[in-house]
Chemist: 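Handing you this structure, nothing more for now.
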There are 2 protein chains.
Amino acid sequence: MDQLKLENQICFPFYALSRLIIRAYQPHLEELGLTYPQFLVMLVLWEQDHQSVNQIGEKLILNTNTITPLLKRMELMGLISRRKSKEDERKVLISLTPKGLQKKEKASCIPDALLANVADEQIDRTQFDELKSQLNFWIEALKKE
Amino acid sequence: MDQLKLENQICFPFYALSRLIIRAYQPHLEELGLTYPQFLVMLVLWEQDHQSVNQIGEKLILNTNTITPLLKRMELMGLISRRKSKEDERKVLISLTPKGLQKKEKASCIPDALLANVADEQIDRTQFDELKSQLNFWIEALKKE
DNA sequence: TGAATTTATATCGTATACGATACAAATATA
DNA sequence: TATATTTGTATCGTATACGATATAAATTCA
C-alpha cells in the first residue's frame with residue numbers, strides 16, 4: 001500500500017512544480033500584463049508570427065476549447081489580431097499587433113531573472129540540460145498515448 | 001533572443017508534463033469517479049485520516065480557496081465528511097466515509113498500471129529516483145520563494 | 001478584560017483546462 | 001455533382017487555481 005503514498009507518486013512533483021513555477025513567473029509577468037498561458041502564446045508568436053489557432057495549440061499541447069477564449073482575451077487586450085485565412089476559410093490566423101511585438105524586448109530578461117532567483121544555488125549547466133532532455137522524453141512518450 | 005524560444009524554456013516541460021500526466025491518469029480515475037486533484041486529496045487522507053483543510057492544503061501546496069470547493073464536491077459525492085474541530089472551532093476536520101475508504105483498494109493498482117503503460121520502455125529505477133529527488137529539490141527551492 | 005491581531009476557512013471574480021458538442025468550410029467519394 | 005466525411009474553430013458545462021476579500025474563532029497584549 002506504500003505505492004499510494006503521496007511522496008511515492010511521480011505525478012505529484014510535476015503537478016506541484018508546474019504551479020510553483022507559474023507562481024515564480026507571476027511577478028515578472030504582471031509587469032508585462034500577461035498570465036502564464038498568455039505568455040506561452042506570446043513566446044510561440046514571437047518565434048514565428050501568423051500562425052493558426054491549431055498550430056499554436058499543438059505547440060502548447062492545448063486544445064482549441066482552451067486556446068480560443070485565451071486568444072480572444074488577448075485580442076481584447078490589443079496584443080494580437082485574429083482574421084480568417086484567405087486560402088482556407090476555416091482557419092483563423094493569429095498575428096502580433098505592434099503592441100504585442102513590442103513586449104518581446106521587455107520579456108527577454110525574464111528567463112534569466114528567474115534562473116538567477118531559483119537556480120542560483122549551483123545547478124550546473126550539464127545537469128540542467130540532462131533534466132530537460134529527460135522531461136522531453138516523457139512528454140513525447142505521453143503525447144503518443 | 002534565443003532564450004525566448006519555447007524549446008529553451010525549462011518552465012514549459014513542467015507545465016506540459018503536468019497536464020499530460022493528468023490526462024494519462026484520467027481513464028483510470030474515471031473508473032474511480034475521481035478527478036486528479038480529488039485523487040490527490042484521497043491519497044493524503046488514505047495515508048492519514050482526519051486532517052484539517054489546511055493540513056491537506058499544505059501537503060498539496062494548494063490554498064483553501066481551491067481546496068474548500070473541491071472538498072465540498074467530495075462531500076456531496078459521499079467520499080468525505082466535514083465537521084468542525086471541537087478543540088478549535090475554526091478548524092474543519094476532513095474524514096473519510098466508508099465509501100471513501102473503500103475506494104483505496106481499487107486505487108492501489110493505478111500507479112503500477114500507469115508506469116507499465118508509459119515507462120515500460122526501460123527506465124531504470126535509479127534514474128527514476130534520481131529524477132524524483134531532483135524534482136523535490138526544485139519544489140523545496142520554489143516553496144521558499 | 002476589552003481591543004487589536006492572528007489564524008482557519010470561506011466567498012467572489014477571473015482565467016485556465018478539457019470533454020462533449022456544434023457548425024461551417026474543405027475534401028473525398030460514390 | 002450531391003452527399004458523406006473530415007478538418008478547423010467555437011461554444012457549453014464543469015472543475016480547478018488563485019488573488020483579493022470577508023468572517024468568525026482564538027490569541028495576544030495593552
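A quick note: this is a predicted structure, and the numbers were derived from the prediction, not measured. Residue numbers start from 1 in every chain, and the chains themselves are labelled A, B, ... in the order their sequence lines are given, proteins ahead of strands.
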Chemist: Taking side chain as C-beta onward, heavy atoms only, is Trp46(A) less than 4.5 Å from Leu43(A)?
Modeler: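 Side-chain contact under 4.5 Å: yes.
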Chemist: With a cut-off of 6.0 Å (strictly less than), are more than 12 heavy atoms of other residues, nucleotides or ligands near NZ of Lys59(B)?
Modeler: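 Check passes, neighbour count above 12.
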Chemist: Are Leu93(B) and Met42(B) in one and the same hydrophobic cluster, where Ile, Leu, Val, Met, Phe, Trp and Tyr link if side-chain heavy atoms are under 4.5 Å apart?
Modeler: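 Different clusters: Leu93(B) never reaches Met42(B) through Ile, Leu, Val, Met, Phe, Trp or Tyr contacts under 4.5 Å.
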Chemist: Strictly distance-based, threshold 3.5 Å: is any side-chain N or O of Lys103(A) a donor or acceptor partner for the main-chain N or O of Leu32(A)?
Modeler: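 Between the backbone of Leu32(A) and the side chain of Lys103(A) there is a qualifying donor-acceptor contact (under 3.5 Å).
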Chemist: Output the rounded distance in Å from CD (Glu30(A)) to P (dT14(C)).
Modeler: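 My rounded result for the distance is 16 Å.
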Chemist: Whole Å only: how far is the CZ atom of Arg23(A) from the C1' atom of dT16(D)?
Modeler: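 In whole Å, dT16(D) C1' lies 13 Å from Arg23(A) CZ.
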Chemist: Let me have a per-nucleotide readout for nucleotides 3-11 of chain D, 5' to 3', with B, S or -, counting only protein heavy atoms under 4.0 Å.
Modeler: ----BSBBB
Chemist: Tell me the interatomic distance from Ile21(A), atom CD1, to dA17(D), atom C1', rounded to whole angstroms.
Modeler: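 Taking CD1 of Ile21(A) and C1' of dA17(D), I get 16 Å after rounding.
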Chemist: Can you tell me the distance, in whole Å, between the OH atom of Tyr25(B) and the C1' atom of dG19(C)?
Modeler: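 After rounding, the gap between these two atoms is 21 Å.
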Chemist: Heavy-atom nearest nucleotide on DNA chain D for Asn63(B) versus Arg73(B): which residue maps closer to 5'?
Modeler: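 It is Arg73(B), whose closest nucleotide lies nearer the 5' terminus.
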Chemist: Run the ring-ring contact (aromatic ring centres under 6.0 Å, His included) test against Tyr25(A) and tell me which residues pass, sequence neighbours left out.
Modeler: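 If we apply the ring-ring contact (aromatic ring centres under 6.0 Å, His included) test to Tyr25(A), skipping adjacent residues, the hits are Tyr36(A), Phe39(A).
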Chemist: Quick one: list whatever passes salt bridge (charged side-chain N to carboxylate O under 4.0 Å, His left out) with Asp49(B), sequence neighbours left out.
Modeler: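 Salt bridge (charged side-chain N to carboxylate O under 4.0 Å, His left out) list for Asp49(B), sorted by chain: empty.
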Chemist: Applying a 4.0 Å non-hydrogen cut-off, can you work out what Leu70(A) is touching in the nucleic acid: base, sugar-phosphate, or nothing?
Modeler: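 Sugar-phosphate, backbone atoms only, no base.
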Chemist: Pair up each side-chain donor or acceptor in residues 7-24 of chain A with any protein partner under 3.5 Å, not counting sequence neighbours, and list the distances.
Modeler:
unit_1	atom_1	unit_2	atom_2	d
Asn8(A)	ND2	Asp2(A)	O	2.9
Gln9(A)	NE2	Gln3(A)	O	2.4
Gln9(A)	NE2	Lys5(A)	O	3.3
Arg19(A)	NH1	Ile61(B)	O	2.7
Arg19(A)	NH2	Leu60(B)	O	2.8
Arg23(A)	NH2	Ile61(B)	O	3.1

Chemist: When we call it a touch if two heavy atoms are under 4.0 Å apart, what does Ile22(A) touch: a base, just sugar-phosphate, or nothing?
Modeler: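 Answer is nothing: Ile22(A) stays at 4.0 Å or more from every strand.
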Chemist: Are Ile80(A) and Leu6(B) grouped together when hydrophobic residues (ILVMFWY) are joined by side-chain heavy atoms under 4.5 angstrom apart?
Modeler: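 Same cluster: Ile80(A) reaches Leu6(B) through Ile, Leu, Val, Met, Phe, Trp or Tyr contacts under 4.5 Å.
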Chemist: Would you kindly give the CG-to-C1' distance between Leu29(A) and dC18(D), to the nearest whole Å?
Modeler: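 Whole-Å distance recorded here is 15 Å.
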Chemist: Going by atom type alone, with no hydrogens or angles, which donor-acceptor pairs under 3.5 Å involve a side-chain atom of residues 65-75 of chain B and a protein atom two or more places apart or on another chain?
Modeler:
unit_1	atom_1	unit_2	atom_2	d
Thr68(B)	OG1	Thr64(B)	O	3.0
Glu75(B)	OE1	Arg82(B)	NE	3.1

Chemist: In whole angstroms, how far is the C1' atom of dG19(D) from the CD atom of Gln26(A)?
Modeler: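 Whole-Å distance recorded here is 8 Å.
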Chemist: Rounded to whole angstrom units, what separation is found between the CD atom of Glu87(B) and the P atom of dA8(C)?
Modeler: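 It is 13 Å, rounded to the nearest whole Å.
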Chemist: Report yes if at least one side-chain N or O of Tyr15(A) is closer than 4.0 Å to OP1 or OP2 of dA17(D); otherwise report no.
Modeler: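 Indeed, a polar side-chain atom of Tyr15(A) lies that close.
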Chemist: Does anything in residues 35-42 of chain B reach DNA chain C, meaning a heavy atom under 4.0 Å, and if so which residues?
Modeler: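 Of all residues in residues 35-42 of chain B, none places a heavy atom under 4.0 Å from DNA chain C.
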Chemist: Starting from C1' on dT14(D), measure out to CE on Met74(B) and report it in whole angstrom.
Modeler: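 Atom CE in Met74(B) sits about 16 Å away from atom C1' in dT14(D).
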